[in-house]
2 protein chains.
Amino acid sequence: MEKNTHENCPVATTLNLLSNKWKILIIRELLDTTKRYGELKRNIQGVSEKMLSQSLKEMEQDKLIKRTVYAEVPPKVEYSLSEIGDTLRPIINSMKLWGVEYQEKISQN
Amino acid sequence: MEKNTHENCPVATTLNLLSNKWKILIIRELLDTTKRYGELKRNIQGVSEKMLSQSLKEMEQDKLIKRTVYAEVPPKVEYSLSEIGDTLRPIINSMKLWGVEYQEKISQN
DNA sequence: CTGAATCCGTTCTGATACTG
DNA sequence: CAGTATCAGAACGGATTCAG
C-alpha cells in the first residue's frame with residue numbers, strides 16, 4: 001500500500017495534505033499575511049530547518065502555497081497562501097471550533 | 001517536542017485525532033451504522049489487524065467511538081460513533097467536498 | 001538569508017503467527 | 001470471532017554542517 005490516499009476517499013486526500021505536525025502551523029501563519037522564511041522559522045517555535053523546508057516544499061508542490069523569490073542579495077523569499085490554499089480557510093476554522101469544543105468536553109471528565 | 005498538539009492549536013488537536021491513515025476510513029464506515037470488528041476488517045481494504053485494533057482502541061480512548069461487547073460465544077463486538085464522534089460529521093463532509101474540488105483543480109493541469 | 005545534505009535515533013506500519 | 005505478540009523495514013524528526 002502506497003503513501004496514503006485511499007483510492008476514492010477525498011477526505012483522506014485533504015487530510016494527507018495537512019497531516020504533518022508543521023503544515024497546519026505554517027498555514028496558520030500565512031492566513032494573515034505573506035511571510036518570509038526566517039519569519040516562519042522564528043514564529044513557529046520548535047520547527048527545525050529541515051522540517052520547515054520540507055513542509056514548505058511539499059505544500060508548494062501541492063499548490064497550497066506560493067513561493068516568491070526576489071533577486072536580491074541577501075536572498076529574500078516570501079511564502080503566501082495560494083488560491084487553492086486560501087479555500088482551506090473554512091475547513092481550518094471548523095476544525096478549530098471542533099477542537100475547542102472537544103477539549104472542553106473531554107476536560108469535563 | 002512531544003507527540004504533537006502544539007500548545008494552543010485546536011486545529012492540531014482535531015487533526016491529531018484523525019491523523020492516521022485508517023481512522024478516517026473507520027469513521028466513514030461508522031457514519032452509516034454500527035459495525036462489527038470483522039465487518040470493518042473486510043470493508044476497509046488493506047488494513048492489518050494490528051492497525052485496525054490499534055486505531056479502534058485509540059479512538060475509543062479519545063471517545064470518538066463506542067465499543068460494545070456482547071457476552072456471547074463466539075464473541076461479538078460492535079463499534080459505533082460516540083456522541084462526540086458524531087459531531088465530526090460536518091467536518092468530515094467539508095473535508096470531503098474540499099478534497100473533491102482539490103482533485104479536480106489539480107488534475108486540470 | 002535561505003536553504004540542501006547528512007547522520008542517526010525514534011516512531012510508525014505491516015506481515016505473520018498465536019490465543020481465549 | 002476478535003483480538004494480542006513479535007519482529008523487521010519504512011517513514012519521520014531533529015541536530016548539525018555546508019553552500020549559493
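Just so it is clear: chains get the letters A, B, ... in the order the sequence lines come, proteins before strands, and each one is counted from 1.
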Discussion item. Taking 4.0 Å as the cut-off, does a side-chain nitrogen or oxygen of W22(B) come that near to OP1 or OP2 on dC12(C)?
Written reply: no

Practice prompt. Considering non-hydrogen atoms only, spot the tightest contact between P10(B) and K96(A) and give its length.
Written response: CB-O, 3.4 Å

Practice prompt. Let me know the distance between CD of Q54(B) and C1' of dT11(C), rounded to the nearest Å.
Written response: 11 Å

Response to the item:
Whole-Å distance, L56(B) CG to dA2(D) P, equals 11 Å

Practice prompt. Please report, rounded to the nearest Å, how far the P atom of dG3(C) is from the CD atom of E58(A).
Written response: 15 Å

Practice prompt. Verify the contact: side-chain N or O of K21(A) to OP1 or OP2 of dG14(D), cut-off strictly under 4.0 Å; return yes or no.
Written response: yes

Practice prompt. Starting from P on dG13(D), measure out to NZ on K57(A) and report it in whole angstrom.
Written response: 16 Å

Worksheet item: What closest approach, in Å, do L25(A) and C9(B) show between heavy atoms, and which atom pair accounts for it?
Response: CD2-SG, 4.0 Å

Worksheet item: Distance from Y102(A) atom OH to T87(B) atom OG1, nearest 0.5 Å?
Response: 10.0 Å

Item to complete: Please state how far atom CZ in R67(A) lies from atom P in dC1(C), giving the value in whole angstrom units.
Response: 16 Å

Discussion item. From the set dC1(C), dT2(C), dG14(C), return the single nucleotide nearest to any side-chain atom of P74(A).
Written reply: dC1(C)

Discussion item. Regarding dT4(D), can its base be found pairing with the side chain of K50(B) as donor and acceptor, where the two atoms are less than 3.5 Å apart?
Written reply: no

Practice prompt. Look at the side chain of E49(B) and the base of dA2(D), then say whether one donor and one acceptor between them are separated by less than 3.5 Å.
Written response: no

Worksheet item: Hey, which of these two, R36(B) or M51(A), hits DNA chain D nearer its 5' end, going by closest nucleotide?
Response: R36(B)

Practice prompt. Using the ring of Y79(A) (Phe, Tyr or Trp, six-membered ring only), decide whether K35(A) places NZ or CZ under 6.0 Å from its centre and within 45 degrees of its axis.
Written response: no

Item to complete: Search all heavy atoms of L18(B) against all heavy atoms of M95(B) and return the closest pair with its distance.
Response: CD1-CE, 4.0 Å

Worksheet item: Does E78(B) make a side-chain donor-acceptor contact with the base of dA2(D), cut-off 3.5 Å?
Response: no

Item to complete: Mind checking Y70(A) for me? I need base, sugar-phosphate or nothing, with any heavy atom below 4.0 Å counting as a touch.
Response: nothing

Fill in: Between P of dG3(D) and CD1 of I26(B), the distance in whole Å
12 Å

Worksheet item: Just how far, in rounded Å, is P of dC1(C) from OH of Y79(A)?
Response: 14 Å

Practice prompt. Look at all strands and tell whether K41(B) reaches a base, only sugar-phosphate, or nothing, counting heavy atoms closer than 4.0 Å.
Written response: nothing

Item to complete: Output the single nucleotide from dA2(D), dC1(C), dA15(D) whose closest atom is nearest the side chain of P75(A).
Response: dC1(C)

Discussion item. How many whole angstroms separate atom CG of N20(A) from atom C1' of dG14(D)?
Written reply: 13 Å

